[in-house]
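Working notes for the structure below.
Residue indices begin at 1 and follow the sequence shown.
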Amino acid sequence: MNDRAAAPSRTRTILLRGGDVHSPADPFATAMVVERGHVAWVGSEGAADSFASGVDEVVDLEGALVTPAFTDAHVHTTATGLALTGLDLSGAATLADALALVRDHRAAHPADRVLLGHGWDAARWPERRAPGRRELDEAADGRPLYLTRVDVHSAVVTTALLDLVPGVTELAGFHRDAPLTGDAHHAVRAAAYAALTPAQRTEAQRAARARAASLGIGTLHECGGPHISAEDDFTGLLRLAEDEPGPRVHGYWAERVADDKDAARVRALGAAGAAGDLFVDGSLGSHTAWLREPYADAPHTGTAHLDAADIAAHVTACTEAGLQAGFHAIGDAAVDAVVAGIRAAAERVGLARIRAARHRVEHAEALTPETVAGFAELGLTASVQPAFDAAWGGTDGMYADRLGAPRAATLNPYAALLRAGVPLAFGSDSPVTPLDPWGTVRAAAFHRTPAHRISVRAAFTAHTRGGGRAAGRDDTGVLVPGAPADYAVWRTEELIVQAPDDRVARWSTDPRSGTPGLPDLTPGTPLPVCLRTVVGGRTVFVRPNE
């Protein structure tokens, strides 16, 4: 890809030509003009000739594809950066491998006050158990150590870290030689993250934003909160995103709101809403998602943090204050409580106001036809993570272990949500699953349960325009005149229109359909390679040697 001038900036007028531009304004577009940080024109190669002499820069796409930049609608930025730059256990094939990685990391970081790691998953290990405290004490050589499970809803720690948290053994979720959950987990997490220096946090945030930009992600929805990250971590990230080029960051702060004063405090942090990981329940992997019926592999129904009355109070207060609300809800009982609570709020403030606020539900995995209908009725956005199904779905995955195969097959019903008119916004919940937008689109289109599959086009829209809409931005995620110039340039193979139903796919690839094509995401095919990412007309990533 060749430039006829310097890299794009917000003040220059740029013509991109000689490729494919994914735009509803022209399904056969090969060129685009960017001016003052916005898309000014999209059209054909022939028409581009009339612009060529009047622009500051011409970019020859050399056949590359231009799409809107992705929005990742659920990210934990600092934790993502720490996983990228620190101890990552996601590749450990056995418990012994994990302990060896801890030993190596300890030796390589003699000055760290607390050792931090992420990504262990005992369900994938032959030992089928989490690391014990005595094993961790030995591997860490007596130093404070905090290791989150892949879902970040439980953690294993060393004795030295427990010693930094007075009273932790009395908190709910403390287990003497098993992963910590609930309040005990939140307490040790706070102690572990308090040991980070501001410089370490900033380094991690920069690493996460750089990785996102390299993958064509132009916007991140940061999900922070008092049980997840400190206020200075949250506000520091928002300042960094304002001060340095990179993906935009919309921040959500997961704290309950009772009145206008609480709402004002959330706004003062710079948050777009009192939403994100405001926990109604936990996760399936940690046996803390709130279920109607007991787990298949545990004699209980998980953990409830908020009930319908709590949810109604929060949503009522947020709606009256003009603030977006939202919740983390995974189990069917948790999703039931969300729908019941928001319906009760609608009775207080009016359904129209509830719908206009675009309240959101994160994860929303265990849905029923009734709760899907409730989402549609209340105008709720489902902020979901298709990579969860790719990682843990199927007849022999973690979901089936936890729920049994029949219940597991009901999870993440994206097709039913779309049929009901429920807006979808896709994300990764990174570092739970990696930043990987095309992989996320593939996971939704090739869901392990065929009945839940959606077209590549619908999945792509959920990961671009859907994320913008979830944050109240209807002008983003699409390349049309007037839209922000948030786009990515990709090296890819032939473009097609791909749907779960082969008959639809064959019809849609006819040129008369007028449907813009997208890369072939059939499992096993190479994913597109990002060559450049631009946010607001400013280049934030260029692949080396391109």
Side-chain angles (χ1 to χ4, degrees), residues 20 22 64-77 80-81 83-84 207-223 246-250 362-363 381-391 412 414 423-447 453-471 473 476-479 484 486-493 495 498 516-523 525-535 540-543:
D20 291 288
H22 186 89
L65 170 67
V66 181
T67 71
F70 287 100
T71 290
D72 192 309
H74 193 119
V75 173
H76 304 284
T77 307
T80 296
L84 290 170
R209 292 180 75 227
R211 174 62 65 87
S214 76
L215 295 168
I217 297 170
T219 301
L220 301 169
H221 291 187
E222 165 68 11
C223 292
R248 306 176 192 272
V249 177
H250 289 284
E362 309 299 316
H363 316 309
T381 295
S383 172
V384 295
Q385 297 74 39
F388 287 7
D389 175 74
N412 303 303
Y414 304 137
L424 298 182
F426 282 177
S428 62
D429 199 8
S430 179
V432 176
T433 59
L435 299 168
D436 180 15
W438 285 114
T440 294
V441 173
R442 172 185 279 172
F446 295 92
H447 197 295
R453 293 173 179 170
I454 60 177
S455 70
V456 167
R457 182 186 181 193
F460 178 79
T461 299
H463 218 343
T464 50
R465 200 167 193 177
R469 185 194 180 282
R473 293 288 306 273
T476 65
V478 60
L479 299 179
D486 295 1
Y487 62 90
V489 182
W490 307 92
R491 182 192 300 126
T492 189
E493 301 298 325
L495 304 181
Q498 199 165 21
L518 285 166
D520 180 1
L521 300 182
T522 303
T525 59
L527 292 175
V529 174
C530 185
L531 305 178
R532 173 173 296 192
T533 304
V534 176
V535 177
V540 298
F541 169 76
V542 176
R543 181 161 294 280

task = Just jot down the side chain to side chain contact (heavy atoms under 4.5 Å, CB included) partners of L527, sequence neighbours excluded, or say none.
result =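 Per chain and number, L527 pairs via side chain to side chain contact (heavy atoms under 4.5 Å, CB included) with D436, W438, R442, L521.
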
Contacts of P423 that satisfy side chain to side chain contact (heavy atoms under 4.5 Å, CB included) - sequence neighbours left out =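 Per chain and number, P423 pairs via side chain to side chain contact (heavy atoms under 4.5 Å, CB included) with T381, R469.
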
Nearest heavy atoms of [X] and [Y], plus distance in Å:
X	Y	answer
S455	A445	C-CB, 4.5 Å
P386	A444	CB-N, 3.8 Å
V535	P247	CG2-CA, 4.4 Å
A470	A425	CB-CB, 3.9 Å
H447	N412	NE2-O, 3.0 Å

Any heavy-atom pair between the side chains of [Y] and [X] that's under 4.5 Å?
X	Y	result
E493	T525	no
D520	Q498	yes
T80	V75	yes
H76	C223	yes
C530	L215	no
P484	R473	yes
I217	L435	yes
T464	T67	no

task = Assert yes or no for the condition that the ring centre distance of F460 to F426 is strictly below 6.0 Å.
result =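 Judged by ring-centre distance (under 6.0 Å), F460 and F426 do not meet the cut-off.
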
ask   = Is the ring centre of H250 less than 6.0 Å from the ring centre of H221?
value =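 Yes: the rings meet the under 6.0 Å criterion.
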
Separation of [Y] [atom2] from [X] [atom1] (nearest 0.5 Å):
X	Y	atom1	atom2	value
L518	L65	CG	CG	7.0 Å
L424	R465	CG	CZ	14.5 Å
L220	F70	CG	CZ	13.0 Å
D72	H463	CG	NE2	5.5 Å
Q385	S428	CD	OG	7.5 Å
D429	H74	CG	NE2	4.0 Å

request  = Using atom types as modelled and distance alone, determine if a side-chain donor or acceptor of T533 lies under 3.5 Å from a backbone N or O of F541.
outcome  =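 No, because the side chain of T533 does not come within donor-acceptor range (under 3.5 Å) of the backbone of F541.
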
Whether R532 side chain and V542 backbone form a donor-acceptor pair below 3.5 Å =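 Not a single qualifying donor-acceptor pair exists.
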
Check against side-chain contact (heavy atoms from CB on, under 4.5 Å), V66 and L479 = CA-CA 9 Å; V66 181; L479 299 179; 3.9 Å; yes

Verdict with reasoning, H22 to L495, per side-chain contact (heavy atoms from CB on, under 4.5 Å) = CA-CA 10 Å; H22 186 89; L495 304 181; over 6 Å; no

request  = Take V540 and R209 through the test side-chain contact (heavy atoms from CB on, under 4.5 Å) and record every step on the way to the result.
outcome  = CA-CA 10 Å; V540 298; R209 292 180 75 227; over 6 Å; no

